[in-house]
Every structure is written in structure tokens, then in C-alpha cells.
Amino acid sequence: MGRLTATASAIVGCCRFLAARSQRFEDLVAEVSARLMLSRQTELPPGDNVFDPAELPARTEEFNRASERYFAQRREDEHLLRKPYGDPLAFPRALFDLGVLTRWLRLSPGETVLELGAGTCWLSHLLNRFGCKTIAVDVSETALELGRELFERESSTDWDLGPEFVVYDGHRIPLADGSVDKIVVYHAFHHVPNQEEILVELCRVLGDGGVVAMCEPGRRHSRQPHSRLEMDRHGVLENEILVEELEVLALRCGFSRLCVVPVTVSSPLEVPPRELAAFLRGEGLGNFWRSLCNDIRDSPYIVIYKGDFVPTSRLPQRLAARVEKVGGGGTVAAAAGTPARLRFRLTNTGDTRWLAAIDGQPGWTRLGAHLYRAGDGSAELEFDWCRWRLPRDVDPGERVELDVELPGLAEPGEYRVVLDLVAEEVLWFARHDSPTLELRLVVSG
């Protein structure tokens, strides 16, 4: 009887413990169940490359010539200039791929983007329309001639951004160290025979904190029938990218880390609303999981970082600031028509670098003031009353002090001045729930 009582007490105690931590318990059960179910669905197969990676670098010139020959033979093929619009089957996937790549590049207008293996430069042209300075790099002179033709054809091309078309020898990229912000590679790196040498070059020309984003064919690509046909017909290299091996190379070449982004567009699954709750509980998840794993194996999205990536006010994550008036209280007195000189301390309490010196481009950061009439109604007199530039870029956790001059107001009375920071053409910080500073301005007659 005593043992039974002890057992019952233990069960009750266990139930109470689980009840107190029910959500945690449910999450644990869901994760364990998912792992048990999904671990049997798929495995990561070994690579099965046609080529010996150690022998490929010696054939660099051969594959470079094949690339030029490929584009020269198709010089009049209008299909090349219609990418990605000319293939109805590939078009949705291309748009999805670009969405993933630009999202993980954290791409924003005003940045300089290098596209390696640009071919006819259709991707560079899309980025030009987005507002980026593009540098299209390829070993084929003919391909870049076609790319320039594409830029010239399109009336939407922004030539003020200075797009460049750079032929390189397959070894050294003729750009200065740290001269680009981001690098995009779309189904091109698997054509590169000397991958380690090119990774060294990409790391060299990429600025600190920069990002490389790739979408490449994965395991067993070199043995696919269409790949063998391309190699036999044109002599081009159809390699396969094994992310484990690429990570080793990237780290050896100076990059800090490499990640794979597990997303998919290929899943044929559609869930009726009445079945959505069941799907979220795991019913039918196996089909989606298999599709996701196949996509990760066959065409992985790869992100490579150089140093610590810090988001900037061009494309912010969390913009937050503490604005403090240095000296005095919350009231400012001034004579009519006379400016008021103040000093403010600005502290970056978010996770995003404030950019101070990119005039005319989205994201450059300034302190701004909104002017209101005090008293009943607090009527807004001028929302964009005045703005002041920052003395330098401000990283998360840093602070700067700023001397400002409030314009003189001709009409005596009491006013409210609300101070906030603004990432130009992006947003005011208050929209990210960043606190503002309000001052009382008393103008005497």
C-alpha cells in the first residue's frame, strides 16, 4: 500500500510538473515526433561528381575558351536576351530564387553589387532597376557585349548608377580590394574550375561585413542527362556544388562562415483551409519535408559571410535611438526671429548601423525635428521642420553628440518640438517604436 501511495504521489507530482510546463512539453513532444517521422524520410547522399576537383584548376583556360565559344555561337539567339522571361517553366523558379538571394544579401538601393558569371547580365539589369550600382563580371567578352546591349535596349536602365561590364581572365578580378558591398552568383559557380582561387578573389574585393549569396546545382548535377549533353555539345564545365566542401574552401579563403537557407518553391502541396490546423499539427508534413530536402540537395541557396554582418539604415532591422538634450531642462527659450543653439546626445540602442555619409541615397541618417503649436489641439505647423546630419556612422551601442541650431520663429508663443531620427527615404525611427524627445520652445516677443 505504501509503494502504491508513493507511486501515485510521484505520478501526481509529474503531472503537476508537466502541467506547469505544458507548452514546453508540447513543443518537446512535437519536436521529438517530427524528428522520428522525418528522419526516415530522407538522408544526405554522398557526392558523385564526374570530375576530380584536384584536376580541374589546370583546365581553367580550356573551360574559359568553351564559355566564350558558347556565347559567340549563340550571338544572334534572341532567347539569351529574354532571360528570365523566355522560359515559362523556369520563370516562376527564377523569381523565387532571386527573392531568396536578395533577401539574404540584405540588398538595398545604393549598394555596389558584383555579379560573378553574369552572362548576358539580365540579373544585373534587375538590380540596376532596383537602384544598385552593378558590376557584371564574366570570362566571356561576347556575353558581356550582349549584356550591354540588353542595358541599352531597356529604357528603364539607370545609367547614372554607372553599371560596369568587366571581362576577367578566370583568375584575377580586376577590382580594388574591398570595393563591393555584396556579391551574387546565380547558377554560375558550378562552371568555375578553380573555385578556391576565385573564392580568394571574391573575399578580396568584398568589403568587411559583406555577403555572398549563391544558388547553385547540388549533388549529382554533373551526372544528369542535360548536364552531360551540355558538356558534350559545348565543352563547358557542369560541376556540382557540395556545400560541405564549399564551406571548407570558403573558410580557408578568408570568409568567416557559410550557411544554407532551407526554403523551397517546388513542393506540390496545397492545403485547404479546413485541413490547415491538422497540417500544422504535422499531418501530411512528410510530403512537404521530402520536397524541401530534395530542393536543398538539388539547388541549395548558399550564404557566405565576410566578417560580422551588421544591418545598416539602408535596409534596417531594428532602428532605435535615445535622444537626450545636453544641459538644461526640457524648455528652450528664444527671442522672436532668433535661432536657438542646442546640443544633443544620440545613442544607438538598436541593432542597425546608422549611415551618415551617403547623401542622395536611401538610408542616410539625420536628426530631424517636427514643429507643433503648444496648447489646445497641438496643431502641426511643419512636420519636416529641420534636419541635421550626423558627424559619422554610428554602430549599435555607440553614441555621438550633435550641435544644432533651431531656426528662429517670428511669431511669439509656445511651441512643441519633437526630435526623432530618420533614415532618409526609408522611415522615421518612431515607426519602429523608437522613443522621441519632446521639448517646449518658448518664443518671446
Side-chain angles (χ1 to χ4, degrees), residues 98-111 113 127 129-132 181-182 209 211 308-326 330 332 340 342-407 409 415-441:
L98 297 185
V100 176
L101 293 178
T102 54
R103 164 63 180 82
W104 262 266
L105 278 174
R106 287 81 164 182
L107 199 59
S108 57
E111 292 188 301
V113 185
L127 298 182
R129 294 189 62 183
F130 181 61
C132 295
D181 299 309
K182 307 287 173 61
V211 183
D308 294 327
F309 170 77
V310 178
T312 72
S313 47
R314 278 176 171 153
L315 188 66
Q317 288 183 177
R318 187 171 65 88
L319 287 171
R322 183 167 62 250
V323 183
E324 302 168 286
K325 178 173 171 287
V326 178
V332 178
L342 306 172
R343 168 167 283 203
F344 293 101
R345 182 181 299 117
L346 313 174
T347 305
N348 187 338
T349 58
D351 62 2
T352 296
R353 176 182 294 134
W354 306 343
L355 299 178
I358 50 173
D359 292 14
Q361 297 179 18
W364 70 296
T365 308
R366 294 193 285 176
L367 176 65
H370 314 312
L371 182 65
Y372 299 86
R373 176 79 68 183
D376 295 339
S378 295
E380 178 183 293
L381 299 179
E382 192 169 353
F383 186 81
D384 290 323
W385 185 34
C386 44
R387 302 186 188 187
W388 305 275
R389 66 169 55 244
L390 303 183
R392 58 176 175 83
D393 293 353
V394 184
D395 281 329
E398 291 186 343
R399 63 178 55 178
V400 293
E401 292 196 356
L402 187 63
D403 291 312
V404 309
E405 184 175 274
L406 298 180
L409 296 175
Y415 301 85
R416 291 192 306 118
V417 179
V418 177
L419 293 122
D420 189 13
L421 282 101
V422 58
E424 299 290 359
E425 298 183 40
V426 180
L427 52 75
W428 288 87
F429 284 26
R431 283 185 54 192
H432 275 196
D433 297 322
S434 177
T436 59
L437 173 67
E438 182 171 325
L439 299 177
R440 176 170 171 259
L441 175 60

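Counted within 6.0 Å of CG on D308, heavy atoms from surrounding residues, nucleotides or ligands total 12 or fewer; the atom is thus considered open. Around atom CZ of R392, more than 12 heavy atoms belonging to other residues, nucleotides or ligands sit under 6.0 Å away.
Distance check, rounded to the nearest 0.5 Å: CG of L406 to CH2 of W385 gives 4.5 Å. The line from CH2 of W428 to CZ of R431 is 12.0 Å long, rounded to the nearest 0.5 Å. Residue W354 holds its CH2 atom at 8.5 Å from CG of L319, rounded to the nearest 0.5 Å. Atom CZ of R345 sits about 4.5 Å away from atom CD of E401, to the nearest 0.5 Å. Atom CG of L421 and atom CZ of R322 lie 12.5 Å apart (nearest 0.5 Å). Taking CG of N348 as the reference point, atom CZ of R399 lies at 11.5 Å (rounded to 0.5 Å).
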Enumerate, atom names and distances included, each donor-acceptor pair closer than 3.5 Å involving a side-chain atom of residues 98-106, sequence neighbours excluded.
from: T102; atom 1: OG1; to: L98; atom 2: O; distance (Å): 2.7
from: T102; atom 1: OG1; to: G99; atom 2: O; distance (Å): 3.3
from: R106; atom 1: NH1; to: W104; atom 2: O; distance (Å): 2.8
from: R106; atom 1: NH1; to: Y305; atom 2: OH; distance (Å): 2.8
from: R106; atom 1: NH2; to: Y305; atom 2: OH; distance (Å): 3.4

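Within the 4.5 Å cutoff, the side chain of V417 has no heavy atoms near those of the V332 side chain. Looking only at side-chain heavy atoms (C-beta outward), E324 and F344 stay at 4.5 Å or farther from each other. Annotation: side chain of T365 is not in contact with side chain of V394 (no heavy-atom distance under 4.5 Å). Contact annotation: the side chain of L409 approaches that of L371 to within less than 4.5 Å [non-hydrogen atoms, C-beta and beyond]. The closest side-chain heavy-atom distance from L402 to L390 is below 4.5 Å. Taking the side chain as every heavy atom from C-beta outward, T436 and E438 never approach each other to under 4.5 Å.
The heavy-atom pair separating W388 from A369 by the smallest distance is CH2-CB, 3.8 Å. Closest heavy-atom contact between C386 and P407: SG-CD, 3.8 Å.
Remark: P435 engages no residue in a side chain to side chain contact (heavy atoms under 4.5 Å, CB included) (not counting sequence neighbours). For D403, the side chain to side chain contact (heavy atoms under 4.5 Å, CB included) partners are R343, not counting sequence neighbours.
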Going through the distances and angles, do D384 and V422 end up as a side-chain contact (heavy atoms from CB on, under 4.5 Å)?
-> CA-CA 11 Å; D384 290 323; V422 58; over 6 Å; no

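Between the side chain of T352 and the backbone N or O of S313 there is no donor-acceptor pair closer than 3.5 Å. D181 places no side-chain N or O within 3.5 Å of a backbone atom of E111 that could act as its donor or acceptor partner. Side chain of T312 to backbone of R314: a donor-acceptor contact under 3.5 angstrom is found.
Ring orientation note: the planes of H370 and F383 are close to parallel, at an angle under 30° on the 30°/60° scale.
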